[in-house]
Amino acid sequence: MGYVQEVISELVRKNPGEKEFHQAATEVLESLELVCDRHPEYQKQALLERLTEPDRAILFRVPWVDDKGQVHVNKGYRVQFNNAIGPYKGGLRLHPSVNLGIIKFLGFEQIFKNSLTGLPIGGGKGGSDFDPKGKSDREVMAFCQSFMTELYKYIGADVDVPAGDIGVGAREIGYLYGQYKRITGLYEGVLTGKGLTYGGSLARTEATGYGLIYFMDALLKSKGNSFAGKRVVVSGAGNVAIYATEKATQLGAKVVAMCDSTGWIYDEAGIDLAAVKQIKEVERKRLSEYKNYRPQSEYHTDGVIWDVPCDIALPCATQNELHLEHAQTLIKNGVIAVGEGANMPTTPDAAHAFQKAGVLYAPGKAANAGGVATSALEMTQNSMRMSWTFEEVDAKLQGIMVNIFHQVDEAAKAYGQADNFIVGANVAGFTKVANAMMAHGIV
Ligand code: NDP
Ligand code: 2IT
């Protein structure tokens, strides 16, 4: 058995039940076989074993009181995976499905994504199995304050800087920041995705979705193509999905379908994004409400959004939401490109099917890096105690995403795997982290 396969089988043995972590690690490590063949010193230094074992995983109890006086207990997590190239950086996810394996997969992916941005940020992730759906603002605040009362000990502007992810947006970041400031007395850039009145960056809200479209635009242009006139399907109706839809539409595409966790909408005239924003961002309701704004649209709770024929598919909801049979349908319907706004939304067999069919497939760690890149720009602005205009941040984001595309494209070619952007992203993201780890000695 080769070095990489040995590391994978030990990782599966030592981390039983963490299936999403196994999936993410296997994909990255298998891409690195060629790199490890060229660098036998990595095996001697146990580089892959060190890379796949988090620096530390912090697990804690989060007790909070609901509006009726009932006490609840949730699990809290922060996995500080790797800080070879900068402070730990990565979001917090609040969703009932959250467990250690999911947080570890997200933290592991974050190492390579953050490296690709070219900015000095390491990889981490956290969250809780708390479900914000249906909770009052006061209940969400009580949870966030309790969560931060434990988390504050382990984070800091130069140590570990959390941000949003599923279930964590501006409201939650505000409560978390308020509690951090209250406990520590520090006014520092310890979280990103902050409100604009207290240190947030313009364009952070839009950044992941816009960045995805900037990346896909660079990819399409490299093939002499563009978003103009394309039919697009976007899964999800949260932060990433909404701003991917906005930018794709600005570039001349027509987004015809979106979904949330209960159903999907189909609007042949093109999604009315103002309606979706009102329903999801303002009212925090279900997409079934969309019909009230657009009576000619369709709302479905059966079937899947991937049955809708499109040129470009953008999965922007959650992990493993696009399976092999969905990929086969999309390919049959003539999809030309798939760009991951979510983290690991495509199962490995589905990703492989896209590549085999010649579909341009862009993995999340490259395509959705615009969010964390702009978080790093927020950290920069906080350190400088100043703020850039929307146009300045957006221009930097665009430059970063085009640069990521070229890095990924060139790394794939350098290993004789042109258009294999999985290999390109993993190899390009790994190289900088590996160099830094080798320089730091055995730590
Ligand atoms: P949000 O919470 O804003 O939105 C998530 C959306 O996906 C919601 O519409 C939600 O539906 C839907 N969704 C979540 N889980 C499921 C599920 N199990 N089945 C079907 N639909 C589901 O999160 P974000 O938009 O921030 O995150 C979306 C994805 O993008 C995640 O994979 C995240 O890790 C990734 N990402 C986020 C970044 C960011 O900056 N926010 C950066 C890079 C990646 P409902 O409305 O019903 O809850
Ligand atoms: O998955 C991700 O990259 C994020 N949720 C954003 C992390 C961040 O620190 O902005």
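The residues of the chain are indexed from 1 along the displayed sequence. Read the numbers this way: they start at 1 and go in the same order the structure lists the ligands and their atoms. A quick note: this is a predicted structure, and the numbers were derived from the prediction, not measured.
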query: More than 12 non-hydrogen atoms from neighbouring residues, nucleotides or ligands closer than 6.0 Å to CG on N435, yes or no?
result: yes
- prompt: Which ligand 1 atoms does R93 reach within 4.0 Å, using its non-hydrogen atoms?
  reply: 31 (C), 32 (O), 33 (C), 34 (O)
- prompt: More than 12 foreign heavy atoms under 6.0 Å from NZ of K432: is that the case here?
  reply: yes
Positive for side chain to side chain contact (heavy atoms under 4.5 Å, CB included) with E268, one of Q296, E298, R231: R231
- prompt: Nearest protein heavy-atom contact for atom 41 (N) of ligand 1: which residue, which atom, what distance?
  reply: N239 OD1, 3.7 Å
query: N/O to N/O below 3.5 Å, does that happen between G167 and ligand 1?
result: yes
task: Please state whether the rings of F405 and F215 are parallel, tilted or perpendicular, taking 30° and 60° as the class boundaries.
output: perpendicular
message: Looking at ligand 2, is there an atom of it that comes within less than 4.0 Å of some heavy atom belonging to G164?
response: yes
- prompt: For K280, is the nearest heavy atom under 4.0 Å from an atom of ligand 1?
  reply: yes
- prompt: Does R286 reach ligand 1, in the sense of a heavy atom lying below 4.0 Å from it?
  reply: yes
- request: Let me see the working for R61 and E150 under salt bridge (charged side-chain N to carboxylate O under 4.0 Å, His left out), right down to the final yes or no.
  value: CA-CA 8 Å; R61 179 177 67 240; E150 188 62 28; over 6 Å; no
field: Stepwise salt bridge (charged side-chain N to carboxylate O under 4.0 Å, His left out) check, E281 with R171
entry: CA-CA 11 Å; E281 291 186 333; R171 175 182 61 171; over 6 Å; no
task: Ignoring angles and geometry beyond distance, decide whether N343 reaches within less than 3.5 Å of ligand 1 through its nitrogen or oxygen atoms.
output: yes
statement: Closest to atom 20 (C) of ligand 1 among protein heavy atoms sits S261 CA, 3.6 Å
query: Does a donor on one side chain and an acceptor on the other come within less than 3.5 Å for E188 and N382?
result: no
field: Neighbour count above 12 (heavy atom, 6.0 Å) for K221 NZ
entry: no
- request: Give a yes or no on whether R182 atom CZ has more than 12 heavy-atom contacts from other residues, nucleotides or ligands under 6.0 Å away.
  value: no
statement: Checking heavy atoms under 4.0 Å, the part of R204 that sits near ligand 1 is side chain
query: atom 6 (C) of ligand 2: which of K125, R204, K113, K365 has the nearest heavy atom?
result: R204
- request: Check T208 against ligand 2 and report side chain, backbone, both or neither, counting heavy atoms closer than 4.0 Å.
  value: neither
- prompt: Just checking, any donor-acceptor pair under 3.5 angstrom between side chains of N114 and Q110?
  reply: yes
field: Identity and separation of the nearest protein heavy atom to atom 10 (O) of ligand 2
entry: S375 OG, 2.6 Å
message: With a 6.0 Å cut-off on the ring centroids, do F147 and F60 count as close?
response: yes
task: Would you confirm whether H22, through its side chain, and N15, through its main-chain N or O, come within 3.5 Å as a donor-acceptor pair?
output: yes
message: Among all the protein's non-hydrogen atoms, which is closest to atom 18 (N) of ligand 1, and how far away is it?
response: T318 CG2, 3.6 Å
Identity and distance of the protein heavy atom lying nearest atom 9 (O) of ligand 2: K89 NZ, 2.6 Å
- prompt: Starting from atom 7 (C) of ligand 2, which protein heavy atom do you reach first, and at what distance in Å?
  reply: G91 N, 3.6 Å
query: Going by the atom numbers of ligand 2, which of them fall below 4.0 Å from some non-hydrogen atom of A163?
result: 8 (C), 9 (O), 10 (O)
field: Side chain, backbone, both or neither: P345 near ligand 1, heavy atoms under 4.0 Å
entry: neither
- prompt: Are F130 and W64 near enough that their ring centres are under 6.0 Å apart?
  reply: yes
Atoms in ligand 1 flagged as close to C316, the criterion being non-hydrogen separation under 4.0 Å: 28 (C), 29 (C)
- request: Just jot down the ligand 1 atoms closer than 4.0 angstrom to any heavy atom of A342, in number order.
  value: 29 (C), 30 (O), 32 (O), 35 (C)
- prompt: Would you say V240 and ligand 1 have an N/O pair spaced under 3.5 Å apart?
  reply: yes
query: Taking N or O atoms only and a 3.5 Å limit, does K113 qualify as a polar contact for ligand 1?
result: no
field: Within 6.0 Å of NZ in K19, more than 12 heavy atoms from elsewhere
entry: no
field: Heavy-atom nearest neighbour in the protein, as seen from atom 6 (C) of ligand 1, with distance rounded to 0.1 Å
entry: G238 N, 3.9 Å
- line: Out of S375, A317, G236, A373, the nearest non-hydrogen contact to atom 28 (C) of ligand 1 is supplied by A317
message: Just to be sure I read this right, does ligand 1 sit under 4.0 Å from the backbone of T208, its side chain, both, or neither, counting only heavy atoms?
response: side chain
field: Ligand-side contact atoms (ligand 1) for residue partner G341, heavy atom cut-off under 4.0 Å
entry: 30 (O), 35 (C), 36 (N), 44 (C)
message: Can you report which non-hydrogen protein atom sits closest to atom 23 (O) of ligand 1, along with the distance?
response: I166 CA, 3.4 Å
task: Heavy-atom distances under 4.0 Å are what count here, so tell me which part of Q319 touches ligand 1: side chain, backbone, both or neither.
output: neither
- prompt: Is K291 reaching over with its side chain to a backbone N or O of S297, donor-acceptor style, under 3.5 angstrom?
  reply: yes
- prompt: Got the closest protein heavy atom to atom 9 (O) of ligand 1, with its distance?
  reply: A237 N, 2.9 Å
task: Kindly indicate whether the side chain of F108, heavy atoms from C-beta on, has any atom under 4.5 Å from the side chain of F21.
output: yes
- request: Walk me through it: do R204 and E378 pass the test salt bridge (charged side-chain N to carboxylate O under 4.0 Å, His left out)?
  value: CA-CA 8 Å; R204 176 62 188 88; E378 182 172 329; 5.2 Å; no
- prompt: Just wondering, do I121 and T117 contact through their side chains at under 4.5 Å, heavy atoms?
  reply: yes
query: Below 3.5 angstrom, do we get any N/O pair linking N368 and ligand 2?
result: no
- prompt: Any idea which protein heavy atom is nearest atom 33 (C) of ligand 1, and the distance to it?
  reply: D165 OD1, 3.2 Å
field: Protein heavy atom at shortest distance from atom 48 (O) of ligand 1
entry: K133 NZ, 2.9 Å
- prompt: Centres of the Y180 and Y152 rings: under 6.0 Å?
  reply: no
- prompt: Under 4.0 angstrom from ligand 2, any heavy atom of R93?
  reply: no
- prompt: Does even one non-hydrogen atom of E321 get within less than 4.0 Å of ligand 1?
  reply: no
